[in-house]
Student: 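Let me begin by handing over the structure; questions about it come next.
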Amino acid sequence: MEVVVEAVETETSAADVVQLHVKKETPEVVAVAGSEFLRVGQEFGSFAEFETCLKKYSNATYSTWTKHNTKTIEAQNRTQMRKKQHAWHLDEALVYYAVEVRCKHGGGVRRKGGGVRPNQGTLKLDCPARIYLRADTSKNKLVLKILEDQHNHDLDRETFLHLPEQRRLTSSDKLDLVKSMLHSGVKVQKIREYLHKEGHYVKNKDLYNLRQKMQKERDEGNPALNEVLAVENVESHRAGCESNMLLRADRDKGVLEVMRLVSEHNHPTGPDVSYRKTKRIRNNPTTRKQAAESLPSPRKDNTANMVKAIIPPLTSELHKGEAGRIGIIGGCQEYTGAPYFAAISALKVGADLSHVFCTSGAAPVIKSYSPELIVHPILDQPDAVREFEKWLPRLHTLVVGPGLGRDPAIMSTVSSMITSSKARGIPLVVDADGLFVITESPDLVMNYPTTLLTPNAVEFQRLFEKMVGERPSQVDESQNVKLLAQCFGNLTVLRKGMEDIVSDGFTVIMCSTDGSPRRCGGQGDLLSGSAAVFYNWALLKHNRKSDTESSQPLLGPGVLAGYMACRLTRECSRLAFLDQGRSMTTSDMITKIHLAFETLF
Ligand SMILES: NC(=O)C1=CN([C@@H]2O[C@H](COP(=O)(O)OP(=O)(O)OC[C@H]3O[C@@H](n4cnc5c(N)ncnc54)[C@H](O)[C@@H]3O)[C@@H](O)[C@H]2O)[C@@H](O)CC1
Ligand SMILES: Nc1ncnc2c1ncn2[C@@H]1O[C@H](COP(=O)(O)OP(=O)(O)OP(=O)(O)O)[C@@H](O)[C@H]1O
C-alpha cells in the first residue's frame with residue numbers, strides 16, 4: 001500500500017507546528033516525527049541556525065529542550081593552549097565548540113530540603129533524550145553527532161502547550177497587542193480567552209506577571225519618579241495660616257500634580273513654604289506592597305478624610321429622608337436620560353429619596369426607568385411653580401438643569417422655581433441647561449452662597465464671557481474658575497474637563513485622578529446628582545460645626561462636595577471602563593457607584 005505523509009505548516013501554533021497527517025489506509029509510518037528538522041550528521045553554519053531547527057523539531061515532536069553541557073570556542077582554545085596544541089580559528093557564529101542539549105525532563109530529581117519552598121515540584125525525570133553537537137574544525141560548522149529521542153515520558157500536545165516556554169508571548173506583534181490590552185484595562189480573563197482562540201495557551205498568572213512587569217518597567221524608566229519627593233502637604237510656615245497644597249506623583253506622566261490648592265493666607269505677603277507630611281517615592285518599587293506604599297492611597301487623602309467625616313453613618317437610628325431628599329429639575333420630550341442618571345445617582349450615593357420635576361411627556365418615560373424615583377409631571381403645566389412649592393419643604397438639595405431643554409416657557413418656569421428655592425434656603429446644584437438659564441440671568445444665583453455650578457468646558461466659557469466680558473485665559477485655568485466664583489459673589493464653580501477645577505473664590509482644588517478615555521453622555525449627570533447628596537451632607541456638618549466649634553473647616557462645603565463628586569465620577573468611570581472598555585456607558589458607571597464609594601471613602 002502507498003504511504004502518504006503530509007507536512008502541513010499551520011499559522012495557529014506559536015511557530016511552525018508541523019502536523020503529520022497519516023492517511024487511514026497507511027499500514028506503517030516510515031517518517032520519524034521531526035526528522036525533517038534534525039538528524040544525525042546535519043551541519044549548521046551557526047548556533048542560531050541550530051536553534052531555529054531545534055524549535056521546529058520541538059514543535060513537531062512536542063518535546064522541550066534545554067542546553068545542558070556547553071563548551072565555548074574560547075574555552076576549547078584555552079584547553080588547546082594548555083595542551084600546547086594550536087587554537088582553532090572557528091567562526092564566532094558557532095558560539096560553541098561542543099554543546100549538549102537535553103530534554104527538559106532530563107537530569108535527576110534534587111529535593112531542595114527545608115528551604116523557603118520545601119515542597120516545590122520539579123520537572124526532572126531522568127529522561128535520557130539528548131542531542132549533541134560538536135564543531136567540525138575543517139568545515140567550520142557545528143555537526144549533529146548524537147540524537148537520542150527516546151523519552152521516558154509521554155509527549156502530548158496538551159502538556160506541551162501548557163509549558164511555560166510555550167505560554168511565553170514571543171511574537172512581538174502579539175506581545176504588543178496584549179500589552180496594549182492590559183494597558184487599557186481589558187480583563188485578564190478576556191485576554192486569555194482571546195489568546196486561546198488564537199491557539200496560544202496562557203494562564204491568568206502569566207498575564208498578571210506581564211502586567212506587573214509592565215508596571216515595573218514604567219517605574220524604572222521614569223527617572224523623575226525615582227528622584228522626586230511625593231510631598232503630601234506643603235504649608236505656609238506662619239502660625240495659623242491655612243494655605244496648603246497637596247501634591248501627588250502621577251506614575252504615568254512622571255510628574256507631580258497639584259491635587260489640592262488652598263490659598264487662604266491670613267497675611268499680606270507671599271508665604272514661604274514649609275514641607276509637612278512628605279513621603280519620598282521609593283526607588284523602583286518591586287512589590288505590589290511597595291508600589292502601594294510609595295503613593296498616598298485615596299484613603300490617606302486628607303480631603304477624603306474630611307468627606308468621610310460628613311458622611312452620615314449607616315444606622316437604624318436615622319429615619320427615612322434624613323440621609324437626603326434630592327430634587328432634580330429637568331427632563332423633557334428629548335432628554336429623559338439625563339434627569340434619570342442624576343436622580344438614580346443621588347440615590348445610589350446614599351440619598352433616601354429622589355424627586356424628578358419634569359414635563360408631562362417625559363414623566364412616564366422616566367418613571368418606567370426606575371420605580372425608585374418620584375416623578376412629578378409639572379414643568380409644562382400652568383401651575384408648575386405652585387405645585388413645586390408644595391414639595392419644596394420636603395427637599396434638601398436641588399439639581400437644576402439635566403435634560404431640561406431650551407423651551408423659553410420652561411426656562412421662565414425654572415427661573416421662578418430657583419427664586420422660590422432660594423427663598424427657602426435650599427442649596428442648588430446647577431448643571432447643563434440650568435446653566436443656560438443662569439447665563440441668561442446671572443442675578444438668579446448672584447450672591448446666593450449655597451450654589452454649586454457644574455459647567456463643562458463649553459458651558460464654562462459661555463458663563464465666563466458673560467460675567468467677565470472676555471474669553472477665559474489659556475494660561476491659568478484655576479484662576480479663571482476662582483474669578484468666576486468671585487464674580488458670582490463666592491458661590492462654588494466646578495469646571496469639568498480633563499482636569500476638574502473647583503473653587504468658591506477663596507480656595508481652588510483640582511481633581512485629575514484617573515477616569516477613563518470614554519466621554520459618553522451622562523457622566524456629568526452622575527456628577528451633579530452625587531454632588532447634590534455630598535452638598536447636603538457637607539452643609540449639615542458645616543452648620544453643626546459652626547454652632548459648636550470656633551474653627552471653620554479647611555474647605556467650604558461647596559468645594560468639598562464638588563471635589564468628592566469629581567473623585568467619585570472619575571472612579572466610577574475608571575472602574576466601568578475596566579469592565580466594558582469602548583462599550584462603557586453611563587449606566588455601567590452607575591453600577592460602580594457602590595464600589596467607587598467604598599474605595600474612596
Ligand atoms: N441621555 C440623555 O438624556 C442625556 C441628556 N443630556 C442633556 O442634553 C442637553 C444638552 O447638553 P449638551 O452638553 O449637548 O449641551 P449644549 O447643547 O450646550 O452643547 C454643548 C456642546 O459642547 C460640546 N462639548 C462638551 N464638552 C466639550 C469640551 N470639553 N470641549 C469641546 N466641546 C465640548 C458638546 O459636544 C456639545 O456639542 C442637556 O439638557 C443635557 O442635560 C446630556 O446630559 C447627556 C445625556
Ligand atoms: N477630557 C477629559 N478627561 C478625563 N475626564 C474628563 C474629561 N472631560 C470630562 N471628564 C470627566 O467626565 C465627567 C463629566 O464631564 P463632562 O465634561 O463630560 O460633563 P457634561 O458634558 O456636563 O456631561 P453630560 O454628558 O452629562 O452633559 C467629569 O467627572 C469630568 O471629570
Student: Evaluate whether atom CD of Gln333 has more than 12 neighbouring non-hydrogen atoms of other residues, nucleotides or ligands under 6.0 angstrom away.
Tutor: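 Result for CD/Gln333: open.
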Student: If you compare all heavy atoms of Lys482 against all heavy atoms of Gly505, which two are closest, and at what distance to 0.1 Å?
Tutor: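 What the structure gives for the nearest pair is CE-O, 3.3 Å.
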Student: Can you list everything that forms a side chain to side chain donor-acceptor pair (under 3.5 Å) with Ser415? Sequence neighbours excluded, please.
Tutor: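 Checked Ser415 against side chain to side chain donor-acceptor pair (under 3.5 Å); zero matches.
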Student: Test of understanding: with salt bridge (Lys or Arg N to Asp or Glu O under 4.0 Å), list the residues that count as partners of Arg570, not counting sequence neighbours.
Tutor: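 For Arg570 the salt bridge (Lys or Arg N to Asp or Glu O under 4.0 Å) partners, ignoring immediate neighbours, are Asp500.
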Student: When Ser473 is tested against each of Leu483, Val468, Asn480 for side chain to side chain contact (heavy atoms under 4.5 Å, CB included), which residue passes?
Tutor: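 Option passing the side chain to side chain contact (heavy atoms under 4.5 Å, CB included) with Ser473: Asn480.
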Student: Nearest 0.5 Å, please: how far is CG in Leu568 from SG in Cys572?
Tutor: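 Interatomic distance, Cys572 SG to Leu568 CG, rounded to 0.5 Å: 4.5 Å.
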Student: Run the side-chain hydrogen bond (donor to acceptor under 3.5 Å, both in side chains) check on Thr586 and Gln523 step by step: do they pass?
Tutor: CA-CA 6 Å; Thr586 301; Gln523 302 191 38; 5.5 Å; no
Student: Report yes if some heavy atom in the side chain of Phe388 is under 4.5 Å from a heavy atom in the side chain of Ser421; otherwise report no.
Tutor: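 Counting from C-beta outward, Phe388 and Ser421 do come under 4.5 Å.
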Student: Any side-chain heavy atom of Ser503 within less than 4.5 Å of one from Ser478?
Tutor: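 Contact flag for Ser503/Ser478 side chains = no.
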Student: Applying ring-ring contact (aromatic ring centres under 6.0 Å, His included), name anything that partners Phe341, two or more places apart in sequence or on another chain.
Tutor: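 So Phe341 forms no ring-ring contact (aromatic ring centres under 6.0 Å, His included) with any residue.
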Student: Report yes if the side chains of Ile329 and Val399 come closer than 4.5 Å at any heavy-atom pair, otherwise no.
Tutor: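 Ile329 vs Val399: side chains apart.
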Student: Could you check whether any side-chain heavy atom of Phe597 comes within less than 4.5 Å of a side-chain heavy atom of Glu571, counting everything from C-beta outward?
Tutor: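 No; the side chains remain at least 4.5 Å from each other.
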Student: Residues two or more places apart in sequence or in another chain: which of them pass ring-ring contact (aromatic ring centres under 6.0 Å, His included) with Tyr340?
Tutor: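 Residues passing ring-ring contact (aromatic ring centres under 6.0 Å, His included) with Tyr340: Tyr369.
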Student: Mind listing the closest non-hydrogen atom pair of Asp476 and Gln479 along with its distance?
Tutor: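 Closest pair (atom of Asp476, atom of Gln479, distance): OD2-CG, 3.0 Å.
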Student: Go through it in stages, so that I can follow the logic: the residues are Ile326 and Leu353, the test is side-chain contact (heavy atoms from CB on, under 4.5 Å), and I'd like the CA-CA distance, side-chain angles, deciding distance and then a yes or no.
Tutor: CA-CA 6 Å; Ile326 310 298; Leu353 295 163; over 6 Å; no
Student: Before giving the answer on side-chain contact (heavy atoms from CB on, under 4.5 Å), spell out for Leu379 and Cys332 the whole-Å C-alpha distance, their side-chain angles and the decisive distance to 0.1 Å.
Tutor: CA-CA 9 Å; Leu379 280 188; Cys332 62; over 6 Å; no
Student: Take Leu527 and Cys566, measure what side-chain contact (heavy atoms from CB on, under 4.5 Å) needs, and give me the verdict at the end.
Tutor: CA-CA 7 Å; Leu527 188 146; Cys566 295; 4.2 Å; yes
Student: Quick one: closest heavy-atom pair of Met589 and Thr569, and the distance?
Tutor: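 Minimum heavy-atom separation between Met589 and Thr569: CE-O, 3.6 Å.
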Student: Shortest non-hydrogen contact from Ser360 to Gln381?
Tutor: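 Heavy atoms only, the tightest pair is OG-NE2, 3.4 Å.
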Student: With a 4.5 Å limit on heavy-atom distance, are the side chains of Ser530 and Ile593 in contact?
Tutor: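 No; the side chains remain at least 4.5 Å from each other.
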Student: Under the ring-ring contact (aromatic ring centres under 6.0 Å, His included) test, which residues partner Tyr448, sequence neighbours left out?
Tutor: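 Partners of Tyr448 by the ring-ring contact (aromatic ring centres under 6.0 Å, His included) criterion come out as none, since no residue qualifies.
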Student: Is there any salt bridge (charged side-chain N to carboxylate O under 4.0 Å, His left out) pair reaching into residues 348-377, and which pairs are they, with sequence neighbours excluded?
Tutor: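 Residue pairs with at least one partner in residues 348-377: there are none.
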Student: Taking salt bridge (charged side-chain N to carboxylate O under 4.0 Å, His left out) as the cut-off, I'd like each qualifying pair that reaches into residues 445-465, sequence neighbours left out, listed once.
Tutor: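 Only Glu465-Arg471 qualify under salt bridge (charged side-chain N to carboxylate O under 4.0 Å, His left out).
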Student: Using every non-hydrogen atom in the two residues, find where Pro402 and Val400 come nearest and quote the distance to one decimal.
Tutor: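 What the structure gives for the nearest pair is CD-C, 3.6 Å.
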Student: Once side-chain contact (heavy atoms from CB on, under 4.5 Å) is applied, do any residues pair with Ala561, and if so which ones, sequence neighbours excluded?
Tutor: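 Only Phe534, Tyr535 meet the side-chain contact (heavy atoms from CB on, under 4.5 Å) criterion with Ala561.
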Student: Just verifying a value: how many Å separate Asn536 CG and His396 NE2, rounded to the nearest 0.5 Å?
Tutor: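 So the gap between those two atoms works out to 5.5 Å.
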Student: Closer than 3.5 angstrom, by distance alone: can the side chain of Asp588 be matched with the main-chain N or O of Thr591 as a donor-acceptor pair?
Tutor: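 Not at all, since once roles are kept as given, no pair shorter than 3.5 Å links the two residues.
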Student: CE/Met446 to CG/Leu491 distance, rounded to the nearest 0.5 angstrom?
Tutor: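 Those atoms lie 8.0 Å apart.
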Student: For Glu193, which residues count as a side-chain contact (heavy atoms from CB on, under 4.5 Å) partner, sequence neighbours excluded?
Tutor: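 Checked Glu193 against side-chain contact (heavy atoms from CB on, under 4.5 Å); matches are Gln189.
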Student: If you define the side chain from C-beta out and look only at heavy atoms, does anything of Val178 sit under 4.5 Å from Arg211?
Tutor: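 No; the side chains remain at least 4.5 Å from each other.
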Student: Which heavy atom of Thr599 sits nearest to which heavy atom of Leu595, and what is that distance?
Tutor: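 So the two residues come closest at OG1-O, 2.5 Å.
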Student: Nearest 0.5 Å, please: how far is CD in Gln461 from CG in Leu484?
Tutor: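 Going from the CG atom of Leu484 to the CD atom of Gln461 covers 12.0 Å.
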Student: Using the salt bridge (Lys or Arg N to Asp or Glu O under 4.0 Å) definition, which of the options Arg574, Lys190, Arg518, Lys592 pairs with Asp579?
Tutor: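 It is Lys592; the other options fail the test.
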Student: Under 4.5 Å between any side-chain heavy atoms of Pro455 and Val493, yes or no?
Tutor: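 With C-beta onward as the side chain, the pair touches.
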Student: Enter the distance from Arg325:CZ to Trp391:CH2 here, rounded to the nearest 0.5 Å.
Tutor: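 It comes to 11.0 Å.
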Student: Can you list, pair by pair, the side-chain donor-acceptor contacts under 3.5 Å of residues 424-442, counting residues two or more places apart and other chains?
Tutor:
from: Asp431; atom 1: OD1; to: Thr454; atom 2: OG1; distance (Å): 3.1
from: Asp431; atom 1: OD1; to: Lys496; atom 2: NZ; distance (Å): 3.2
from: Asp433; atom 1: OD1; to: Arg406; atom 2: NE; distance (Å): 3.0
from: Asp433; atom 1: OD1; to: Arg406; atom 2: NH2; distance (Å): 3.3
from: Asp433; atom 1: OD2; to: Leu404; atom 2: N; distance (Å): 3.4
from: Asp433; atom 1: OD2; to: Gly405; atom 2: N; distance (Å): 2.7
from: Thr439; atom 1: OG1; to: Leu435; atom 2: O; distance (Å): 2.6

Student: What residues, two or more places apart in sequence or in another chain, satisfy ring-ring contact (aromatic ring centres under 6.0 Å, His included) together with Phe460?
Tutor: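 Expected list: Phe464.
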Student: Just so I know, are the side chains of Met584 and Cys520 near enough to count as touching, which here means a heavy-atom distance under 4.5 Å?
Tutor: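 Contact flag for Met584/Cys520 side chains = yes.
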Student: Spell out, as yes or no, whether a donor-acceptor pair under 3.5 Å connects the side chain of Ser416 to the backbone of Ser412.
Tutor: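 Yes.
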Student: If only atom types and distance count, is the side chain of Ser354 paired as donor or acceptor with the main-chain N or O of Ala343 below 3.5 Å?
Tutor: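 It does hold such a pair.
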Student: Using the rule given for side-chain contact (heavy atoms from CB on, under 4.5 Å), can you reason through Phe488 versus Asn447, listing the C-alpha separation, both sets of side-chain angles and the distance that settles it, and then say yes or no?
Tutor: CA-CA 6 Å; Phe488 273 110; Asn447 296 320; over 6 Å; no
Student: Can you measure from OG1 (Thr413) to CD (Glu387) and round to the nearest 0.5 angstrom?
Tutor: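 If we round to the nearest 0.5 Å, Thr413:OG1 and Glu387:CD are 13.0 Å apart.
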Student: For Leu539, does its backbone N or O pair with a side-chain atom of Asn543 as donor and acceptor, under 3.5 Å?
Tutor: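 Present.
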Student: How would you list, by chain and number, every residue that makes a side chain to side chain donor-acceptor pair (under 3.5 Å) with Asp443, sequence neighbours excluded?
Tutor: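 Asp443: no side chain to side chain donor-acceptor pair (under 3.5 Å) contacts found.
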Student: Does Ala323 offer a backbone N or O that forms a donor-acceptor pair with the side chain of Trp537 under 3.5 Å?
Tutor: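 Yes.
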